[in-house]
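The structure appears below as structure tokens.
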Amino acid sequence: MAKITYVEHNGTEHVVEVKPGMTVMEGARDNGVPGIDADCGGACACSTCHVYVDAEWVDRIPGKEPMEEDMLDFAYQPDPVRSRLTCQIKVTPDVDGLVVYIPEKQI
Ligand code: FES
């Protein structure tokens, strides 16, 4: 299991144990973490699973594919460095301790 901390815009933290093989989006969805809508169900086609990855983690998770990069243009206030789509981040033992910040809203 990998421990992932989801921080809501208001500062509320949700610390969740997520099974390897799932995505960071699925970890939020299956544990009732609010603020990650995931309208397209993980197909990298909506941008409503957008988060800001903790700065310490940006280089510790696999980078963005071009499709994710394109879709992030549609996210609410994307950050060129820290923004990611959580459906595109696979959970592995390497992401144990990951911290992500949920934006004020999803669009
Ligand atoms: Fe739609 Fe991630 S769930 S892009």
Side-chain angles (χ1 to χ4, degrees):
M1 296 293 244
K3 189 176 82 176
I4 300 180
T5 302
Y6 302 85
V7 185
E8 287 185 63
H9 188 68
N10 66 11
T12 305
E13 289 190 6
H14 302 263
V15 182
V16 174
E17 297 279 347
V18 186
K19 235 195 330 203
M22 294 179 73
T23 65
V24 173
M25 177 277 278
E26 290 167 334
R29 184 196 62 194
D30 295 357
N31 290 281
V33 177
I36 294 181
D37 298 345
D39 290 340
C40 77
C44 198
C46 74
S47 87
T48 64
C49 65
H50 170 220
V51 298
Y52 305 106
V53 172
D54 186 273
E56 303 245 318
W57 279 91
V58 168
D59 295 329
R60 295 172 64 184
I61 56 177
K64 291 171 254 189
E65 297 288 335
M67 197 161 94
E68 179 183 355
E69 193 88 63
D70 288 350
M71 199 46 67
L72 275 169
D73 290 342
F74 298 98
Y76 177 72
Q77 295 188 344
D79 177 273
V81 176
R82 294 177 53 218
S83 284
R84 294 297 303 262
L85 295 179
T86 47
C87 70
Q88 301 303 303
I89 307 174
K90 276 269 180 237
V91 174
T92 66
D94 289 347
V95 306
D96 184 39
L98 175 67
V99 179
V100 298
Y101 294 86
I102 299 170
E104 186 180 359
K105 60 182 177 181
Q106 304 284 359
I107 49 175

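In what follows, residues are counted from 1 in the order of the sequence shown.
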Margin query: Name the residue from Val24, Val51, Leu85 that meets the side-chain contact (heavy atoms from CB on, under 4.5 Å) definition with Ile36.
Written below: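 Answer after filtering Val24, Val51, Leu85: Val51.
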[X] [atom1] to [Y] [atom2] distance, which is reported to the nearest 0.5 Å:
X     : Y      : atom1 : atom2 : answer
Asp79 : Tyr101 : CG    : OH    : 13.0 Å
Met67 : Cys44  : CE    : SG    : 4.0 Å
Glu26 : Cys87  : CD    : SG    : 8.5 Å
Met71 : Glu65  : CE    : CD    : 13.5 Å
Thr12 : Tyr6   : OG1   : OH    : 15.5 Å
Arg29 : Thr86  : CZ    : OG1   : 10.0 Å

Hydrophobic cluster membership, [X] vs [Y], 4.5 Å side-chain cutoff:
X      : Y     : result
Ile102 : Val99 : no
Val18  : Met1  : no
Leu98  : Val33 : yes
Val58  : Tyr52 : no
Met25  : Val7  : no

Next item on the list: State whether the number of non-hydrogen atoms from other residues, nucleotides or ligands found under 6.0 Å of Asn10 atom CG is greater than 12.
Entry: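 More than 12 within 6.0 Å, yes.
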Notebook entry, point to check: Considering all heavy atoms of both residues, which atom of Cys40 and which atom of Ala45 are nearest to each other, and what is their separation?
Noted result: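 That would be SG-N, 3.4 Å.
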Next item on the list: Please report the shortest heavy-atom distance between Tyr76 and Pro103, naming the atom on each side.
Entry: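 Of all heavy-atom pairs spanning Tyr76 and Pro103, the closest is CD2-CB, 4.5 Å.
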I'd like to know if the side chain of [X] and the backbone of [Y] have a donor-acceptor N/O pair within less than 3.5 Å.
X      : Y     : value
Asp96  : Lys3  : yes
Thr48  : Ala38 : yes
Gln106 : Gly35 : yes

Note to self: Run the side chain to side chain contact (heavy atoms under 4.5 Å, CB included) test on Ile61 and Arg84 for me, step by step, so that the C-alpha distance in whole Å, both residues' side-chain angles and the decisive distance to 0.1 Å come before the verdict.
What the structure shows: CA-CA 10 Å; Ile61 56 177; Arg84 294 297 303 262; 3.7 Å; yes
Checklist line | Charged N-O contact under 4.0 Å between Lys64 and Glu69 | finding: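 Yes, charged N to carboxylate O under 4.0 Å.
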Note to self: Pair Ile4, Val91 - check side chain to side chain contact (heavy atoms under 4.5 Å, CB included), show working.
What the structure shows: CA-CA 9 Å; Ile4 300 180; Val91 174; 3.9 Å; yes
Next item on the list: Determine, stepwise, if the pair Gln88 / Thr23 fulfils side chain to side chain contact (heavy atoms under 4.5 Å, CB included).
Entry: CA-CA 7 Å; Gln88 301 303 303; Thr23 65; over 6 Å; no
Margin query: What I want to check is whether the side chains of Ser83 and His50 have a donor and an acceptor closer together than 3.5 Å.
Written below: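 Yes, side-chain donor-acceptor contact under 3.5 Å.
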